[in-house]
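Structure, as structure tokens:
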Number of protein chains: 2
Amino acid sequence: MASTKLDPIDRKILAELQADGRMTNVELAKRVGISAPPCLRRVRTLEEQGYIRGYHADVDSRALGFEVQVFAMVGLMSQAEIDLSAFEERCRDWPLVRECHMLNGEVDFVLKCAAPDLSTFQTFLTEELTAADNVASVKTSLVIRCAKDLPGVPFEVLEERLERDA
Amino acid sequence: MASTKLDPIDRKILAELQADGRMTNVELAKRVGISAPPCLRRVRTLEEQGYIRGYHADVDSRALGFEVQVFAMVGLMSQAEIDLSAFEERCRDWPLVRECHMLNGEVDFVLKCAAPDLSTFQTFLTEELTAADNVASVKTSLVIRCAKDLPGVPFEVLEERLERDA
DNA sequence: CGTGATATTGAAATAATATTGCGCAGCGAG
DNA sequence: CTCGCTGCGCAATATTATTTCAATATCACG
């Protein structure tokens with residue numbers, strides 16, 4: 001990851017691919033204002049350097065029968081690093097847990113979970129999560145609806161900031 | 001969205017594209033066990049029927065200088081639908097807010113925010129979010145680290161469940 | 001300011017992929 | 001059965017990705 005700095009074209013590429021990850025390279029090249037070959041080379045470089053971690057289809061989980069989304073705020077008994085890591089490792093093993101973020105403040109972790117129905121989630125909650133080693137408290141909140149769900153980076157803010165600093 | 005039901009091949013397609021959204025159609029066809037043309041037709045159908053909402057590059061926001069991620073728990077004064085919608089609309093206008101979910105329980109919304117640095121976020125927090133109409137309380141937690149961040153749907157769970165029900 | 005070393009570009013050629021057209025097989029209803 | 005429907009795969013064509021290479025731009029240094 002020899003992070004060379006990004007020029008405006010690179011940032012445009014990232015913004016375009018974040019918005020539409022399946023854009024063809026010719027279309028992308030047209031939009032960022034260079035020809036196809038250097039455009040593709042830039043994309044490959046961005047991938048290698050880790051600016052692009054991967055590409056994913058955005059699949060509608062409700063359409064697939066995952067009716068329930070839950071945020072779970074988890075407090076642990078011990079915040080020693082080894083215990084934090086152990087909990088994270090357990091989260092990685094639970095398929096219902098889609099995201100696991102360690103936080104500052106009173107709560108140690110927030111988990112975003114997805115389940116086909118409430119009873120599946122309840123079972124997971126009582127038999128797995130709450131029952132896990134070192135878990136002191138779990139507060140859950142059902143997602144009623146989602147008003148906004150954008151991927152990654154607000155490029156608008158980034159460009160604004162770069163202009164201002166220049 | 002004339003939601004025809006999905007067969008195992010469709011689900012495999014969704015799982016593969018969720019894992020790698022830029023897979024070529026021939027590779028995808030190989031993996032799901034059919035030839036390229038019908039595979040592409042299925043993908044198009046899945047897109048049209050809304051099972052696939054889009055494709056996105058997963059861009060590393062830290063590499064781009066967005067050092068700060070925050071979860072904000074927001075309580076409103078009024079939970080009347082018109083006030084809820086008004087708040088959601090405001091969230092859509094704030095670029096630092098990447099996700100906005102309405103919850104049940106004591107907290108009305110959870111927001112996932114991204115900012116270049118702490119002071120940018122603090123400014124947003126005090127001058128925009130906390131100051132917004134109808135906002136009663138905001139509790140924020142910095143993300144210290146992210147142990148897991150998977151896209152969308154746990155297909156493992158879905159398949160398990162289908163097998164069991166069969 | 002030059003000037004050479006180093007990158008980066010774009011046109012053209014080639015390889016790979018996507019997409020269309022069409023005939024065939026499987027299957028349920030009459 | 002056999003018609004009608006659906007979905008498959010082969011083959012042909014259109015697009016796109018990728019490599020090659022000569023020309024241009026960029027930059028450190030004298």
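Values reported hereafter were calculated over all heavy atoms of this structure, with side chains retained and with hydrogens, waters and symmetry mates removed. A, B, ... follow the sequence lines: proteins, then strands. Residue 1 opens every chain.
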Counting heavy atoms from C-beta on, name the nucleotide in C:dT20, C:dT9, C:dA18 closest to the side chain of B:Val26. C:dA18

Would you kindly say whether A:Tyr55 and A:Gln18 are connected by a side-chain donor-acceptor distance under 3.5 Å? no

Separation of D:dT16 P from B:Met23 CE (nearest whole Å): 21 Å

In whole angstrom, what separates B:Glu27's CD from C:dT17's C1'? 12 Å

Under 4.0 Å between any heavy atoms, over every strand shown, what does B:Thr24 touch: base, sugar-phosphate, or nothing? Just pick one. sugar-phosphate

Would you check if there is a donor-acceptor pair between the side chains of B:Glu89 and B:Ser85 at a distance under 3.5 Å? no

Specify the separation, in whole Å, of atom CD1 of A:Ile9 and atom P of C:dG10. 8 Å

Nearest to the side chain of A:Leu40 - D:dC8, C:dT17, D:dA17? D:dA17

Closest of C:dA18, C:dG10, D:dT18 to the A:Arg44 side chain is D:dT18

Please give, in whole Å, the distance from D:dG7 P to B:Leu46 CG? 12 Å

Figure out the CG/P separation between B:Leu17 and C:dA18, and round it to whole Å. 11 Å

Measure CG/B:Asp10 against C1'/D:dT6 and give the value in whole Å, please. 14 Å

Keeping the roles fixed (side chain from B:Lys148, backbone from A:Arg92), state whether a donor-acceptor pair exists under 3.5 Å. yes

Take the angle between the ring planes of A:Phe87 and A:Phe109 and call it parallel below 30°, perpendicular above 60°, tilted in between. tilted

Per atom distances to the B:Pro37 side chain, the nearest of C:dG10, D:dT18, C:dT19 is C:dT19

Nearest-Å distance for atom pair CZ/P, residues B:Arg22 and C:dA18: 11 Å

Checking A:Phe71 against B:His101 for the ring pair (Phe, Tyr, Trp, His ring centres under 6.0 Å) test, could you report, in this order, the C-alpha distance in whole Å, the side-chain angles of both residues, the deciding distance, and whether it holds? CA-CA 9 Å; A:Phe71 281 89; B:His101 306 271; 5.1 Å; yes

Just how far, in rounded Å, is P of C:dG10 from CG of A:Asn25? 12 Å

Of the candidates C:dT9, D:dG9, D:dT19, the side chain of A:Arg41 sits closest to C:dT9

